[in-house]
Amino acid sequence: PNGAALGSMTSRIVIRGVDKGTLVMVDGVPMNQDGKYNLEDIPADMIEKIEVVRGGGAVLYGSEANGGVVNIITKNQAHNSVKVSAGNYGRERYSVAVGSNCFNAVATFEDRGTVENMTTTIEKKGMKGAKSFQHYDYKEGESKGIMWNYNINDNVKFTHNYSENNNVVDIMDNTYLDSPYQRKDYTDHNNTFALNIDDKHGFTSNISYGTQERNYDQITWNKNGSIKQDIKYSWRKGHNTNLNVQKVFDVNDEDKFLIGASFKREDLDVYNSPSKKMGSRPAKPERTGAYNRDVYSLYASYDWKMTDEDNLIVNMRETFVRNANGDNTDKETNITTKTVQENQSKFTPEIQYIKKLTDNSSFYAKAGKSFRLPELTKIFGGSVMLPSVNLKPEQGTHYEVGYKLNENNRSWRVAFFNYDIKDAIEIESGSASTGDIVYNNTDIKNTGVELSLNVKHNDNVDSFWGISYSNPQQKSFSSDDKEGGQWIKYNNQLQLNMGVNYHKDKFASALSANYIGLRSNGTTDGDTRLKPALYTDLHFSYAPEKNQKAFLHINNLLDRKDYTTNNGPDRDTYGYYTMGINFMVGYEYNF
């Protein structure tokens with residue numbers, strides 16, 4: 001609900017069928033920690049623009065960029081404003097922004113309200129064969145945070161972002177009359193400090209330190225309303241230190257050479273609650289863990305202007321992984337198991353050719369390698385995951401050709417792409433409900449085409465239109481080895497999106513729609529198709545005075561119950577729904 005992250009259900013940007021390989025950055029500083037990032041922690045009032053690079057970007061950006069890169073650029077000067085809004089489901093939002101030439105800050109608070117029946121209903125059988133029917137209710141949640149930056153001078157900017165999220169979800173059971181069957185309480189704290197340096201003469205650098213803490217508590221009731229179990233189910237706190245330095249040299253009047261280096265230190269502390277033996281599932285001991293890894297990279301890029309119409313860009317990156325260690329301690333026996341993972345280093349080259357056809361059109365082609373390191377919890381274990389110390393890094397080969405045309409008030413883009421990722425990191429067995437997920441390496445591939453059109457109709461109306469069709473497939477795990485698996489479809493094959501923006505005098509509006517079709521749930525059992533999804537938004541604003549604005553935002557115009565993920569549902573797995581039609585009405589005052 002409201003885009004909130006709940007436990008493992010964190011933000012996932014899917015680019016060209018890759019849903020676990022998007023690097024998200026703020027002002028060039030990576031947000032990803034152990035594969036997770038929360039987009040809702042970035043206040044929209046602080047965003048100047050968003051840059052998106054589709055396709056493998058590991059050469060210039062490192063691990064986590066198998067699918068693409070999203071860079072969120074913050075404002076150098078925010079507007080002084082106060083904003084309040086409220087909507088159905090009991091939701092409320094408040095924000096205050098202040099800005100000057102050197103200091104900017106946005107503070108936010110959100111009450112996420114209550115949403116009933118946020119999942120499908122599934123059938124459970126008790127110990128004596130009694131049937132019950134369960135679903136999830138979102139009971140309460142809130143988010144608060146502050147993001148600020150200080151421009152020390154024209155070349156140096158310091159940024160700090162703090163956010164805190166709490167979400168409570170109940171499992172409702174028709175046989176429990178006085179209380180829910182189980183309550184899940186998720187609390188997250190995120191803190192990031194970053195220093196960006198840009199001397200405007202080709203030298204740029206950033207250094208950052210971030211922490212990401214996630215706590216998951218769980219209460220289970222008896223049917224008479226008494227508490228059966230009240231436990232800290234899992235806890236984890238990650239620490240990331242990032243350093244990146246690069247310099248662009250003018251080789252001559254036309255050619256440029258870039259060289260850079262980066263360092264990333266990952267530390268992760270985890271706690272996992274014990275579990276009882278159930279059927280064939282073995283019991284898990286109460287366990288703590290301390291994991292770490294150092295990642296070093298050297299990279300370079302040469303931009304060669306061969307002729308007035310032809311450019312050739314050659315990129316390469318060498319990544320070294322050191323000190324990948326994991327210590328797990330059984331709290332009952334106090335025995336610590338030490339694990340070291342090796343062979344994670346990788347070399348990734350890329351070449352790109354750009355042909356200027358006319359002053360308004362160009363053709364390009366590129367081919368390259370990319371990779372993604374396995375997350376520390378997937379290697380050494382955590383929460384519902386068992387250790388998989390033999391995991392290899394993903395390594396992919398990406399190809400793309402495209403054409404761009406800008407004519408009058410229209411901009412056309414078309415791209416054909418193909419990728420083949422070896423050793424993709426996917427779930428081989430187990431589930432979150434039983435706490436025994438095991439990750440292993442398999443292969444994924446995709447081939448597709450994208451077409452987009454942006455039109456400026458007149459001074460008041462502009463629109464965008466897009467379509468993509470592809471065939472993402474994953475090799476299933478067999479009882480023998482992954483070579484014996486079969487190719488199965490996953491994610492969606494078809495996507496259509498459109499938007500129309502209108503503004504005149506004191507009035508503005510925006511309509512957008514995103515259709516996701518030919519969806520597959522990534523299984524080999526029975527019908528793998530999920531119904532299509534259609535996400536819609538409509539926004540109105542009216543500014544009676546220069547410093548005032550009233551607005552109305554409506555989401556899910558058609559009141560659809562669409563599944564928000566491609567995983568399930570089935571007889572034993574909850575399928576998560578979109579919220580019904582919902583709105584927020586608000587007022588903004590600028591001072």
Side-chain angles (χ1 to χ4, degrees), residues 1 4-10 34 36 38 112 114-122 124-127 132-143 164-189 212-238 268-279 281-289 328-332 377 381-386 430-437 565 567-569 572-576:
L6 305 175
S8 61
M9 292 173 52
T10 51
D34 203 50
K36 296 178 172 60
N38 284 2
R112 294 186 169 127
T114 301
V115 181
E116 296 181 353
N117 294 293
M118 61 179 285
T119 68
T120 56
T121 299
I122 65 173
K124 292 286 187 177
K125 291 185 178 180
M127 297 296 292
S132 66
F133 299 90
Q134 299 177 354
H135 66 269
Y136 278 18
D137 280 356
Y138 185 85
K139 301 304 293 183
E140 60 180 305
E142 65 178 34
S143 172
E164 181 180 325
N165 298 278
N166 179 252
N167 300 283
V168 178
V169 176
D170 283 354
I171 298 182
M172 307 303 294
D173 191 306
N174 66 306
T175 63
Y176 285 67
L177 302 179
D178 298 325
S179 65
Y181 161 68
Q182 193 172 82
R183 171 160 293 179
K184 301 171 181 286
D185 192 336
Y186 304 93
T187 303
D188 299 342
H189 294 83
Q212 189 185 83
E213 182 177 356
R214 299 177 182 274
N215 186 63
Y216 169 22
D217 297 334
Q218 184 173 284
I219 301 175
T220 304
W221 280 272
N222 294 303
K223 289 188 178 182
N224 62 8
S226 62
I227 293 179
K228 179 180 181 181
Q229 188 181 50
D230 186 354
I231 61 171
K232 179 184 288 295
Y233 189 82
S234 66
W235 173 88
R236 46 163 280 180
K237 186 172 184 178
L268 190 65
D269 298 320
V270 301
Y271 167 83
N272 300 302
S273 66
S275 67
K276 297 179 180 180
K277 178 178 176 61
M278 295 184 63
R281 190 191 78 184
K284 289 197 310 179
E286 182 181 14
R287 186 165 56 93
T288 61
N328 284 300
T329 301
D330 187 322
K331 299 297 289 182
E332 182 177 341
T377 49
S383 185
V384 296
M385 293 176 283
L386 300 180
S431 69
S433 61
T434 54
D436 55 356
I437 290 177
T565 72
N567 302 322
D572 300 310
T573 305
Y574 297 99
Y576 290 84

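Just the heavy atoms: all of them, side chains too, but no hydrogens, waters or symmetry mates, feed the values below. All figures in this text were calculated on a predicted structure; none of them were measured in a lab.
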Sequence-distant partners of [X], salt bridge (Lys or Arg N to Asp or Glu O under 4.0 Å), two or more places apart:
X    : result
D170 : R183
K237 : none
D217 : K232

What distance separates [X] [atom1] from [Y] [atom2], expressed to the nearest 0.5 Å?
X    : Y    : atom1 : atom2 : answer
T288 : D269 : OG1   : CG    : 9.0 Å
I231 : Y216 : CD1   : OH    : 8.0 Å
E164 : E142 : CD    : CD    : 7.0 Å
K184 : Q218 : NZ    : CD    : 4.5 Å
T114 : E140 : OG1   : CD    : 7.5 Å
D185 : Y233 : CG    : OH    : 15.0 Å

Could you tell me how the ring of Y176 sits relative to the ring of Y181: parallel (under 30°), tilted (30 to 60°) or perpendicular (over 60°)?
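Perpendicular: the ring planes of Y176 and Y181 meet at over 60°.
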
Flag, side chain of [X] to backbone of [Y], donor-acceptor distance under 3.5 Å:
X    : Y    : result
D137 : K139 : no
T119 : Y136 : yes
N166 : G141 : no

Can you name the closest pair of heavy atoms from [X] and [Y] and give their distance?
X    : Y    : answer
R112 : Y138 : CD-OH, 3.3 Å
N215 : S234 : OD1-O, 3.7 Å
E286 : P274 : N-CB, 3.5 Å
S143 : N165 : OG-OD1, 2.9 Å

Thinking salt bridges, do K124 and D173 make one under a 4.0 Å N-O criterion?
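Salt bridge: no.
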
With a 4.5 Å heavy-atom cut-off, do [X] and [Y] have their side chains touching?
X    : Y    : value
Y574 : Q134 : yes
R236 : Q212 : yes
R214 : N38  : yes

For N174 and S132: C-alpha separation, side-chain torsions, deciding distance, then whether side chain to side chain donor-acceptor pair (under 3.5 Å) applies.
CA-CA 6 Å; N174 66 306; S132 66; 4.7 Å; no

Single hit among T220, I219, N222 for side chain to side chain contact (heavy atoms under 4.5 Å, CB included) with I227
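Testing each of T220, I219, N222 against I227, the sole residue satisfying side chain to side chain contact (heavy atoms under 4.5 Å, CB included) is I219.
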
